[in-house]
Amino acid sequence: MRKLYTIAVIAATFFAAFSAAGQSKSFRLGKWTEIHNAIVKELNRSYVDSLPVDRIMRAGVDAMLEELDPYTVYIPEEENEDLQMMLSNTYGGIGAIIHKTKDSNVIINEPYADSPAVKAGLVCGDEIIAIDGTLTKGLEIKESTDRMKGKPGTTVVFKVKKVRSGDTLDVPVLRERIHLPDVQYAAMLDDTTGYLLLSGFTENVGQEVKNKFIELKKQGMKRFVLDLRGNGGGLMGEAVNILSIFLPKGSLAVSSKGNNEGSLIEYHTTSEPVDTEMPIIVMIDSGSASASEIVAGGIQDHDRGVIMGTRSYGKGLVQSIRPLPYNGQMKVTTAKYYTPSGRCVQAIDYSNRNEDGSVGHIPDSLTKEFRTASGRIVRDGGGITPDKVIKAKDYSRLVYALVLGGVIDQYAIDYSRRHASLPAVDEFHYTDEDFEDFVKFAKTQKFDYRSSAKTLYDQMKKELEKDGLAESMKDELQALERALEMDKERFIRLKKDEIIPFIEEELATRYWFQEAGVRIRLRYDDQLKEALL
């Protein structure tokens, strides 16, 4: 009898624990919802100052989602236009990149080809003094852009100081639906090589790539380069549509799996391919993520082409848009995706990443082997590893400072103010005489022009001072500092060959729009040149 009682107690305890485990997720959610509501109500009742409800609640939501992953975010109603921009690369506006500091007027920096800005005669360097009567000086850049944007078909009136004549006049601009193309450039590189630069995966880009591919075939293309370097991804469906151009109908393109049983979904190509035989090169780098990795992984796993460049970013997460009260939305991570061989490109360790966020080195012992259609070994562990690794050119710290610090950008605006025209793109080359003009300009700009070695020296000196060793090494440190010290002008001249391509690209973009900038970039693209050997 005692034995039966013991068995009954054990069984009852087991079933109670099992039941509690089954309810624990709902219980914990209810518990914390109740605690959260109680805290907010008590703050509203007792806090010494007026409670900034909107601000603290938004901060709380954002902080909560940040604990999950970088891609799960809350989008309130007032930011829905930003979501549409992300999904479709479109917005209502004038079609121009602007430059603005708080104490300056709005400067037209890069107008887009055939945009309302161009149709209204606005060029790089034009100053917008007022937008619909509101002075721009003193406005934040977001305030200025918000006033410039608006419903397509509506008119915004700018008071403009023209860059070359100096005249001030009212310029009405009819807003349009601006679409920023994901296909940034498509052309023949030589008699047989077609090239397409893709910057994103927004709505309908698959059809656009298909149309461009067909056009290039008509021009005699015998091999195709799909450049996904720097492409941060977008819609998974568009990645499948692009794979459909090159793989037989019904081929597995990608699969996704959430945290629930039975959540595995396979996505197959659904249309007849355009070409399943032409040699394909897919270029990737550490900025190629998400949908870019789906395309690269699909091509690699089906042995349909050769992947070249450097390892991709390693984002194997799928986001879905979920509606929320008050017209808000949440972009939430709902699954991981897997290439046709079964690889997940998501990095094994979120913390094991490079400075740019891409996947760091992961030893083979922590990865698994998978097989392509022909039996080649490929591995998971984060990102797509190219079939042929081709390193990109390394640039000096000075070049990064000039580009990221906006010095070359500001020079391009200044140059545009002083020059009404530029030679045709293929004839345009920045001369040594031109470079002297840039040196003169750059000398007047404030930026950190130290070399990488000098920054390491400065860091080392600080550490030695902390350890109390700097004084005893004073003579050696001074000698090393003198050897590393280089004035701004001398350092700029030393790096002339690195700097000129960036100047040429910026100037070509100002005069001949974005496609011209890509053409200049390809002129100096040693990584691509090696891939084509």
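Quick note: residue numbers are just sequence positions, from 1.
Under the 3.5 Å distance criterion, the side-chain polar atoms of Lys488 are matched with a main-chain donor or acceptor of Gln445. A donor-acceptor contact shorter than 3.5 Å links the side chain of Glu293 to the backbone of Gly314. Side chain of Thr193 to main chain of Asp190: no donor-acceptor pair is present (N/O by atom type, distance under 3.5 Å, no hydrogens or angles). With hydrogens and angles disregarded, a donor-acceptor distance shorter than 3.5 Å links the side chain of Ser292 to the backbone of Asn231. Glu498 places a side-chain N or O within 3.5 Å of a backbone atom of Ser396 that can act as its donor or acceptor partner. Between the side chain of Tyr337 and the backbone N or O of Lys315 there is at least one donor-acceptor pair closer than 3.5 Å. Of the possible donor and acceptor atoms, none in the side chain of Arg223 sits under 3.5 Å from a partner among the backbone N and O of Thr192. Panel note: side chain Ser115, backbone Gly95; a donor-acceptor pair is recorded below 3.5 Å. With hydrogens and angles ignored, the 3.5 Å screen pairs no side-chain donor or acceptor of Arg379 with any backbone N or O of Arg343. For the pair Thr155 (side chain) and Pro172 (backbone), a donor-acceptor distance under 3.5 Å is absent.
Gln514 and Thr509 form no side-chain donor-acceptor contact under 3.5 Å, judged by distance and modelled atom types alone. Side-chain contact annotation: Thr202 with Asn89, donor-acceptor N/O pair under 3.5 Å absent. When only modelled atom types and interatomic distance are considered, Thr339 and Gln300 share no side-chain donor-acceptor pair under 3.5 Å. Using modelled atom types, one finds a donor on one side chain and an acceptor on the other under 3.5 Å when comparing Asp434 with Thr431.
Ion pairing of Arg58 with Glu78 is absent here, as no side-chain N (NZ or NE/NH1/NH2) approaches a carboxylate O to less than 4.0 Å. For Glu436 and Arg493, the salt-bridge test passes: some basic side-chain N is under 4.0 Å from an acidic carboxylate O. With respect to the salt-bridge test (charged N to carboxylate O, under 4.0 angstrom), the residues Lys466 and Glu463 qualify. Ion pairing of Lys529 with Asp525 is absent here, as no side-chain N (NZ or NE/NH1/NH2) approaches a carboxylate O to less than 4.0 Å. Salt-bridge check for Arg510 with Glu506: passed, with a basic side-chain N closer than 4.0 Å to an acidic carboxylate O.
In this structure, Tyr411 and Tyr415 have tilted ring planes: the angle between them lies in the 30° to 60° band. Relative orientation of the Tyr185 and Tyr195 rings is tilted, given thresholds of 30° and 60° on the angle between their planes. Ring planes of Phe224 and Phe213: perpendicular class, angle over 60° (limits at 30 and 60°).
Counting heavy atoms from C-beta outward, Thr333 and Leu68 have side chains that stay 4.5 Å or more apart. The shortest side-chain heavy-atom distance between Leu507 and His419 does not fall under the 4.5 Å cut-off. Residues His429 and Glu504 form a side-chain contact, since some pair of their non-hydrogen atoms from C-beta on lies under 4.5 Å apart. Under the 4.5 Å side-chain criterion, counting only non-hydrogen atoms from C-beta, Lys100 is not in contact with Glu140. Looking only at side-chain heavy atoms (C-beta outward), Glu143 and Asp146 stay at 4.5 Å or farther from each other. Within the 4.5 Å cutoff, no side-chain heavy atoms of Leu198 are placed close to those of Asp227. Between Ile284 and Ser312 the shortest side-chain heavy-atom distance falls below 4.5 Å. A heavy-atom distance below 4.5 Å is not found between the side chains of Met486 and Ser451.
For the side chain to side chain contact (heavy atoms under 4.5 Å, CB included) with Thr136, the qualifying choice from Ile107, Ile98, Ile131 is Ile131, the only one to do so. Evaluated for a side-chain hydrogen bond (donor to acceptor under 3.5 Å, both in side chains) with Gln527, the options Lys391, Arg229, Lys393 yield exactly one hit, Arg229. The residue from Ile128, Asp126, Val160 that alone fulfils the side chain to side chain contact (heavy atoms under 4.5 Å, CB included) condition with Val171 is Val160.
For the atom pair NE2 of His99 and CD1 of Ile108, the computed distance is 12.0 Å after rounding to the nearest 0.5 Å. The CZ atom of Arg490 sits 12.0 Å away from atom OH of Tyr449, with the distance rounded to the nearest 0.5 Å. We find the CG-CD distance between Asp69 and Gln319 to be 6.5 Å, quoted to the nearest 0.5 Å. Once rounded to the nearest 0.5 Å, the distance linking CG of Asp285 with CD1 of Ile390 reads 12.0 Å. Gln478 contributes atom CD, which lies 11.0 Å from atom CG of Leu480 (distance to the nearest 0.5 angstrom). The distance from the NZ atom of Lys137 to the OG1 atom of Thr101 is 9.0 Å, given to the nearest 0.5 Å.
Atom CG of Asp191 has 12 or fewer neighbouring heavy atoms from other residues, nucleotides or ligands inside a 6.0 Å radius. The environment of CG in Asp114 is sparse: at most 12 heavy-atom neighbours from other residues, nucleotides or ligands sit within 6.0 Å. Under a cut-off of 6.0 angstrom, the local environment of CD in Glu433 is sparse, with at most 12 non-hydrogen atoms contributed by other residues, nucleotides or ligands. In the displayed structure, Lys222 atom NZ is contacted under 6.0 Å by at most 12 heavy atoms of other residues, nucleotides or ligands. Around NZ of Lys212, the count of heavy atoms belonging to other residues, nucleotides or ligands within 6.0 Å does not exceed 12. Heavy-atom neighbours of Arg55 CZ from other residues, nucleotides or ligands within 6.0 Å: at or below the threshold of 12. Around the NZ atom of Lys461, the shell of radius 6.0 Å holds no more than 12 heavy atoms that belong to other residues, nucleotides or ligands.
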Begin with the C-alpha distance, continue with both residues' side-chain angles, and end with the deciding distance and a verdict on side-chain contact (heavy atoms from CB on, under 4.5 Å) for Val106 and Phe158.
CA-CA 10 Å; Val106 168; Phe158 299 137; over 6 Å; no
Is there a side chain to side chain donor-acceptor pair (under 3.5 Å) between Glu505 and Tyr524? Walk through the geometry before answering.
CA-CA 10 Å; Glu505 181 179 342; Tyr524 298 99; over 6 Å; no
Determine, stepwise, if the pair Thr385 / Val378 fulfils side-chain contact (heavy atoms from CB on, under 4.5 Å).
CA-CA 8 Å; Thr385 300; Val378 288; over 6 Å; no
Using the rule given for salt bridge (Lys or Arg N to Asp or Glu O under 4.0 Å), can you reason through Asp458 versus Lys462, listing the C-alpha separation, both sets of side-chain angles and the distance that settles it, and then say yes or no?
CA-CA 6 Å; Asp458 291 341; Lys462 287 181 181 178; over 6 Å; no
Quick one: do Leu174 and Lys119 satisfy side-chain contact (heavy atoms from CB on, under 4.5 Å)? Show the steps, please.
CA-CA 9 Å; Leu174 183 67; Lys119 294 172 185 176; over 6 Å; no
Between Arg147 and Leu139, is a side-chain contact (heavy atoms from CB on, under 4.5 Å) present by the stated rule, with each step listed?
CA-CA 10 Å; Arg147 290 176 182 273; Leu139 293 179; 4.2 Å; yes
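Minimum heavy-atom separation, Gly194 to Met188: CA-SD, 3.9 Å. Nearest heavy-atom pair, Asn204 versus Glu238, reported as atom, atom and distance to 0.1 Å: N-OE2, 3.1 Å.
The six-membered or imidazole ring of Phe502 lies away from that of Phe438, with a centre-to-centre distance of 6.0 Å or more.
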